[in-house]
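This chain uses plain numbering: 1 for the first residue, then up along the sequence.
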Amino acid sequence: MPDAPIASLSMVNLDCQDPPKMATFYAAILGWNVTYSEEEYSMITDGATSIGFGRVDDFTPPDWPD
């Protein structure tokens with residue numbers, strides 16, 4: 001009998017300053033669809049997994065590689 005999967009990833013949410021811009025950018029790179037887009041929150045999906053982008057006014061992106 002094959003092993004059954006323990007879990008699967010269905011959605012990830014990321015903080016950002018501009019959700020519609022991030023959704024458009026990542027949808028284009030990944031070939032996914034923007035399924036929701038508002039100033040405060042946007043989402044993309046491939047039909048199985050979704051990525052949400054939530055607006056955080058004082059968000060400071062990480063300084064890589066630190």
Evaluation steps, side-chain contact (heavy atoms from CB on, under 4.5 Å), between Asp18 and Phe53: CA-CA 8 Å; Asp18 190 343; Phe53 303 93; over 6 Å; no

Determine the minimum heavy-atom distance between Ser37 and Pro20, stating which atoms define it. OG-CB, 3.5 Å

Taking atom OH as the centre, does Tyr41 end up with more than 12 heavy-atom neighbours from other residues, nucleotides or ligands that are less than 6.0 angstrom away? yes

Cluster link Val34 to Ile29, ILVMFWY, side chain under 4.5 Å: yes

So, taking the atom named OG in Ser42 and the one named CG in Leu14, what distance separates them when rounded to the nearest 0.5 Å? 12.0 Å

Verify the cluster assignment for Ile51 and Met22: are they in a single hydrophobic cluster under the rule of side-chain heavy atoms below 4.5 Å apart? yes

Applying salt bridge (Lys or Arg N to Asp or Glu O under 4.0 Å), name anything that partners Asp57, two or more places apart in sequence or on another chain. Arg55

Going through the distances and angles, do Leu30 and Asp46 end up as a side-chain contact (heavy atoms from CB on, under 4.5 Å)? CA-CA 9 Å; Leu30 297 170; Asp46 68 350; over 6 Å; no

SG of Cys16 to CZ of Phe25: how many Å apart, nearest 0.5 Å? 12.5 Å

Ala23 and Ile44: which non-hydrogen atoms are nearest, and at how many Å? O-CG2, 3.4 Å

Looking at every heavy atom in both Gln17 and Phe59, which two are closest together, and how far apart are they? NE2-O, 2.9 Å

Closest contact, heavy atoms only, Thr45 versus Trp32: O-CB, 3.2 Å

